[in-house]
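A, B, ... follow the sequence lines: proteins, then strands. Residue 1 opens every chain.
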Amino acid sequence: MEVFVVEEKYQPDKIEPKWQRFWEEKKLFQAKEEKGKPKYYLLEMFPYPSGKIHMGHVRNYSIGDVVARYKMMKGFNVLHPMGWDAFGLPAENAAIEHKVHPAKWTYDNIDYMRLELKRMGFSYDWEREIATCDPEYYRWEQLIFLKMYERGLAYRKKSQVNWCEKCQTVLANEQVIAGSCWRCHSKVTLKEQEGWFFRITDYVEELLEWCDKLTGWPERVITMQKNWIGKSVGMEIDFPLKNKDGKITVFTTRQDTIYGATFMVLAPEHPLTLKLSKGSPYEQKVKEFVERVSHEDIIKRSSEDYEKEGVFTGSYCINPVTGFDMPIYVANFVLMEYGTGAIMAVPTHDQRDFEFARKYGLKLVVVIQPKETSLDPDKMDRAYTEDGIMVNSGPFNGLPNKEAMEKIADYFEEKGIGRRTVHYRLRDWGISRQRYWGAPIPIIYCDKCGIVPVDEKDLPVILPLNVKIPKTGRSPLPELEEFVNTKCPKCGSPAKRETDTMDTFVESSWYYHRYCSPHYDKGPFEKDKVAYWMPVDQYIGGIEHAILHLLYSRFYNKVLRDLGLVDFDEPFLNLLTQGMVIKDGAKMSKSKGNVVDPGYMIERYGADTTRLFSLFAAPPERDLDWNDQGVEGAYRFLSRIWRLVFETKNLLLNATLPEGEIKNKQAKKVYQKTHETIKKVTEDIERFHFNTAIAAIMELLNEVFSLPIDNRAPDKEVVSVLKDAVRTTLLLLSPFVPHITEELWQEIGEKGSIINQPWPIYDEKVLKKEEKLIVIQINGKLRSRIMVKSDATDDEIKDLALKDEKVKKFIQGKKIKKSIIVPGKLINIVC
RNA sequence: GCGAGAGUGGCGGAAUUGGUAGACGCGCUGGACUUAGGAUCCAGUGGCUUUUGCUGUAGGGGUUCGAGUCCCCUCUCUCGCACCA
């Protein structure tokens with residue numbers, strides 16, 4: 001191709017703002033409920049307005065934008081909203097550090113980040129923008145809270161809670177990651193405190209069951225949710241105390257081993273622990289032990305090398321099936337939170353019990369024998385936890401232990417000493433936060449009437465803004481008399497408001513419903529609009545919310561369903577979890593100094609290049625390795641397209657599209673490649689392989705550059721193929737890089753926005769080639785390649801292959817045993 | 001420990017159902033144009049090798065006409081849960 005000097009250079013800063021303005025003025029992304037068009041609700045996890053967008057956002061939202069724009073071109077009615085998860089701690093910390101009010105800090109950040117997102121050219125319907133710190137948002141959250149309270153789904157209780165000293169607040173179990181605070185990573189301690197809970201455990205079975213029906217979710221996330229729910233099926237069994245009234249109830253999943261239970265172990269927090277030792281010579285020791293353990297933090301107690309220790313309480317209980325006197329111990333490895341806080345110890349068949357028994361010289365009885373060998377309790381060096389045949393187990397002797405499980409359960413239920421039970425690891429969701437910057441919990445405490453919900457007509461309970469945030473980080477609300485002091489809605493006497501605020505995960509549990517009718521002022525959302533748009537067809541966000549936000553949202557949606565507000569079971573049909581953005585082998589972070597600022601990238605290379613690189617460098621689920629030279633490559637690619645259009649612009653403006661058979665060989669090749677690319681890119685976008693979709697377009701462009709174009713004596717046919725290829729390239733590329741494609745679309749004389757164009761379709765007929773490349777293998781090894789007619793029969797292919805010079809050389813003097821032909825691909829000759 | 005996923009050139013990554021391993025991009029090498037090149041264009045680029053091949057997808061074994069892909073064993077890494085009774 002002849003090279004001409006191009007006056008116009010690709011300068012993204014000149015075109016990007018122009019098109020962003022154009023989209024906004026034409027309201028191209030405003031979604032309306034429309035019958036006759038299939039709806040598509042595309043949602044990306046909304047950001048916390050921390051100040052600036054980061055590369056993780058850029059990646060998440062670029063992925064989403066490709067899907068949104070693609071679906072629009074495919075004829076879907078797309079809802080693609082954006083908003084702000086605007087309550088939360090960093091606003092308070094900023095207030096302390098910079099002496100600026102959390103509200104001002106938050107809204108300033110929102111203003112700045114909205115600008116940044118707009119500079120990226122994302123196709124959001126900004127009319128639907130919401131900020132969760134807006135009373136018009138959280139008033140509905142408070143209303144839902146009241147409905148939940150009415151139904152007993154929100155309740156107050158005193159319990160051992162996770163306390164983050166740095167954040168000065170309570171955390172839900174899901175928010176404690178390996179003993180540390182999910183937000184600030186500092187150590188979490190246990191604390192007795194009263195607070196509000198959502199009864200997520202009421203929905204535990206449904207949440208678990210639906211895990212298997214969420215076929216559009218990554219397996220990984222499903223597994224994590226299942227593990228978190230932690231269902232285990234077993235029995236509760238009663239062990240009567242010896243010489244005392246009462247019993248100890250244990251939970252076990254191994255009732256088949258009960259004949260081998262030789263001692264009992266209680267959690268230090270178990271109510272019987274101190275009682276049982278009272279008055280015995282062991283009382284003091286037990287007290288000291290319990291005291292010591294209770295001061296150890298969660299991290300230490302759950303660490304791998306935590307030594308298993310215990311103390312004898314001085315009491316015994318009786319094994320209900322063997323009559324054996326079981327000494328009762330208290331030990332640090334038994335958790336009060338799980339099961340009943342007491343375990344029957346079977347040292348022969350549980351490794352922990354085994355170690356404990358050896359340490360304190362307790363009795364071992366084998367009750368399950370492996371098939372091959374015979375276990376001797378004195379010679380065992382570890383517990384036997386596999387399956388086997390029951391021994392020393394009275395009426396159950398000789399049975400395989402798996403079979404005995406049910407029989408023992410029946411037997412215990414008949415005798416009334418045990419019952420089948422199911423335990424879950426999932427606890428109720430603690431939503432009280434002792435922080436200021438959150439939605440107030442709409443509850444009033446009255447000395448006479450007790451806990452009284454705020455009247456619905458008095459909502460919202462507005463978070464007062466005229467406060468000073470104390471340096472300690474403690475909430476100013478309890479000291480704020482004008483907020484705290486109120487009247488009891490029931491009896492009218494002076495009363496006090498709840499000063500805890502809600503966990504910010506409550507806001508994010510229903511924002512996607514609110515997007516459907518964001519300005520509705522008669523309820524949380526308009527039912528028919530939610531019915532039209534929901535559920536979310538595609539949700540995109542980080543894997544870090546695999547449990548937290550995604551489990552809470554599933555729960556919340558089910559609550560809304562049971563309140564009669566929505567009529568579907570699950571909020572998110574399909575989920576895509578994108579990987580982290582990495583630089584120099586580590587997650588981008590300020591402390592590591594490897595942060596790439598999107599603002600700088602946009603300034604230097606433009607939004608299109610930034611988007612293109614973040615989509616091209618890795619498939620969405622994987623971590624993305626940020627590479628500055630890779631960005632250059634993306635910019636270079638866009639510059640090449642730019643140049644191609646300007647070099648051929650005059651030809652394109654007057655050209656027609658290809659018609660009929662194309663004679664020029666090279667042109668025909670490009671024409672076929674164009675159609676192949678449409679097919680490939682369409683399929684790749686559908687399965688979220690954006691990197692290979694972009695690679696395919698790059699290939700097409702490389703092919704286009706091979707066209708024999710003579711600017712002075714242009715060949716009509718060649719130019720028509722060029723025009724078709726350029727148009728197609730722009731259309732296929734537009735979801736990835738919308739600005740440059742809009743600009744060039746206009747340059748080649750096309751009318752209107754490219755987003756309003758239908759997605760290109762390929763012609764099956766064009767894909768059919770007259771000749772195909774057939775690979776020849778001999779004994780599975782590649783030896784030669786031949787071109788054969790597409791309609792060649794197997795015999796013809798075989799003949800041609802055997803005539804091939806290279807093949808002849810390899811099969812010389814050998815007998816051909818057989819040949820395998822894969823149509824259109826290869827022939828393998830076995831000899 | 002349990003569960004899930006992964007291991008492919010110097011690098012990011014392709015190979016959708018067992019059928020040409022390394023698409024595409026980065027980097028690198030050589031060349032062209034140039035006062036210059038960190039612009040652009042052309043050619044090359046897994047390793048070894050007498051250009052004839054041999055070898056190669058963490059390692060070992062297997063199934064198959066044919067294995068990166070399926071099966072078994074081992075190693076390494078990442079993530080999640082972690083004394084869960």
Residues R783(A) and D804(A) bridged, charged N to O under 4.0 Å: no
Those residues that, when tested against E621(A), pass side-chain contact (heavy atoms from CB on, under 4.5 Å) (two or more places apart): L576(A), P619(A)
Cation over ring face, R382(A) and F354(A), 6.0 Å, 45°: no
Would you tabulate the pairs of protein nitrogen or oxygen atoms and nucleotide nitrogen or oxygen atoms of nucleotides 55-57 of chain B closer than 3.5 angstrom?
unit_1, atom_1, unit_2, atom_2, d
U55(B), OP2, K781(A), NZ, 3.3

Test salt bridge (charged side-chain N to carboxylate O under 4.0 Å, His left out) applied to K808(A) - qualifying residues, sequence neighbours left out: E805(A)
Nearest-nucleotide comparison on RNA chain B, the residue closer to the 5′ end among N702(A) and K806(A): N702(A)
All pairs passing salt bridge (Lys or Arg N to Asp or Glu O under 4.0 Å) where residues 687-703 of chain A contributes a residue, at least two apart: K669(A)-E703(A), K673(A)-E699(A), D684(A)-R687(A)
Footprint string (nucleotides 27-37 of chain B, 5' to 3'): B base within contact, S backbone only, - free, heavy atoms under 4.0 Å: S----------
Contacts of E174(A) that satisfy salt bridge (charged side-chain N to carboxylate O under 4.0 Å, His left out) - sequence neighbours left out: none
Side chain to side chain donor-acceptor pair (under 3.5 Å): pairs with one or both residues in residues 815-831 of chain A, sequence neighbours excluded: none
Chi class for G9(B): syn within 90° of 0, otherwise anti: syn
Anything under 3.5 Å between a protein N or O and an N or O of nucleotides 8-10 of chain B, put it in a table, one pair a line.
none

First of I694(A) and P619(A) reached from the 5' end of RNA chain B, by closest nucleotide: P619(A)
Under the ring-ring contact (aromatic ring centres under 6.0 Å, His included) test, residues paired with Y70(A) that sit two or more places apart: W759(A)
Secondary-structure stems, RNA chain B, at least 3 Watson-Crick or G-U base pairs under 3.5 Å: B:1-7 with B:75-81, B:10-12 with B:24-26, B:27-32 with B:40-45, B:46-48 with B:53-55, B:58-62 with B:70-74
Any donor-acceptor N/O pair under 3.5 Å between C81(B) base and N227(A) side chain: no
Partners meeting salt bridge (charged side-chain N to carboxylate O under 4.0 Å, His left out) with E355(A) (sequence neighbours left out): K308(A)
Geometric class of the F356(A)/Y329(A) ring pair [parallel <30°, tilted 30-60°, perpendicular >60°]: perpendicular
Touch class at under 4.0 angstrom, heavy-atom based, for N691(A) against every strand present: sugar-phosphate
At a cut-off of 3.5 Å, list every protein nitrogen or oxygen paired with a nitrogen or oxygen from nucleotides 20-22 of chain B, distance to 0.1 Å.
unit_1, atom_1, unit_2, atom_2, d
U20(B), O2, R785(A), NH1, 2.1

